[in-house]
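All remarks here apply to the structure that follows.
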Amino acid sequence: MSLPVELAVGVVLLAWGFADYLFPQTVLRTQSNLLNVPPEPEESLARHKRRVGLVCILAGLIAVVAAVG
């Protein structure tokens, strides 16, 4: 991939990860509205979203470092 695309993917992953980690309930509500499914803002699902957020943050950091370095 080219540098701008790799960098953009990394930035999107970072933003998505921070949103999932910091605001899991809001992200769950927004996703259920966009996908037209019933809302499921349970605490166990929110904890899972936080873990997914951490994985996205890590993947985003790796993508940005790989694009720049």
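Bear in mind the structure is a predicted one, so any value in this text is a computation, not a measurement.
- Scored by the side chain to side chain contact (heavy atoms under 4.5 Å, CB included) test, Arg50 finds Tyr21, Pro24, Glu43, Ala46, Arg47 as partners (sequence neighbours excluded).
- Hydrophobic clustering (ILVMFWY, side-chain heavy atoms < 4.5 Å, transitive): Val12 and Val5 are in distinct clusters.
- Smallest separation of non-hydrogen atoms from Asp20 and Val52: OD2-CG1, 3.8 Å.
- When all heavy atoms of Cys56 and Gly17 are compared, the pair lying nearest together is CB-CA, 3.5 Å.
- Grouped by direct or indirect side-chain proximity (heavy atoms under 4.5 Å, Ile/Leu/Val/Met/Phe/Trp/Tyr only), Leu58 sits with Ile62.
- In this structure Ala63 satisfies the side chain to side chain contact (heavy atoms under 4.5 Å, CB included) test with no other residue, sequence neighbours excluded.
- The CG atom of Leu54 sits 9.5 Å away from the CZ atom of Phe18 when rounded to the nearest 0.5 Å.
- Between Leu28 atom CG and His48 atom NE2 the span is 9.5 Å, to the nearest 0.5 Å.
- For the atom pair CG of Leu14 and CD1 of Ile57, the computed distance is 7.0 Å after rounding to the nearest 0.5 Å.
- When all heavy atoms are compared, the tightest approach of Ala67 to Leu7 is CB-N, 3.8 Å.
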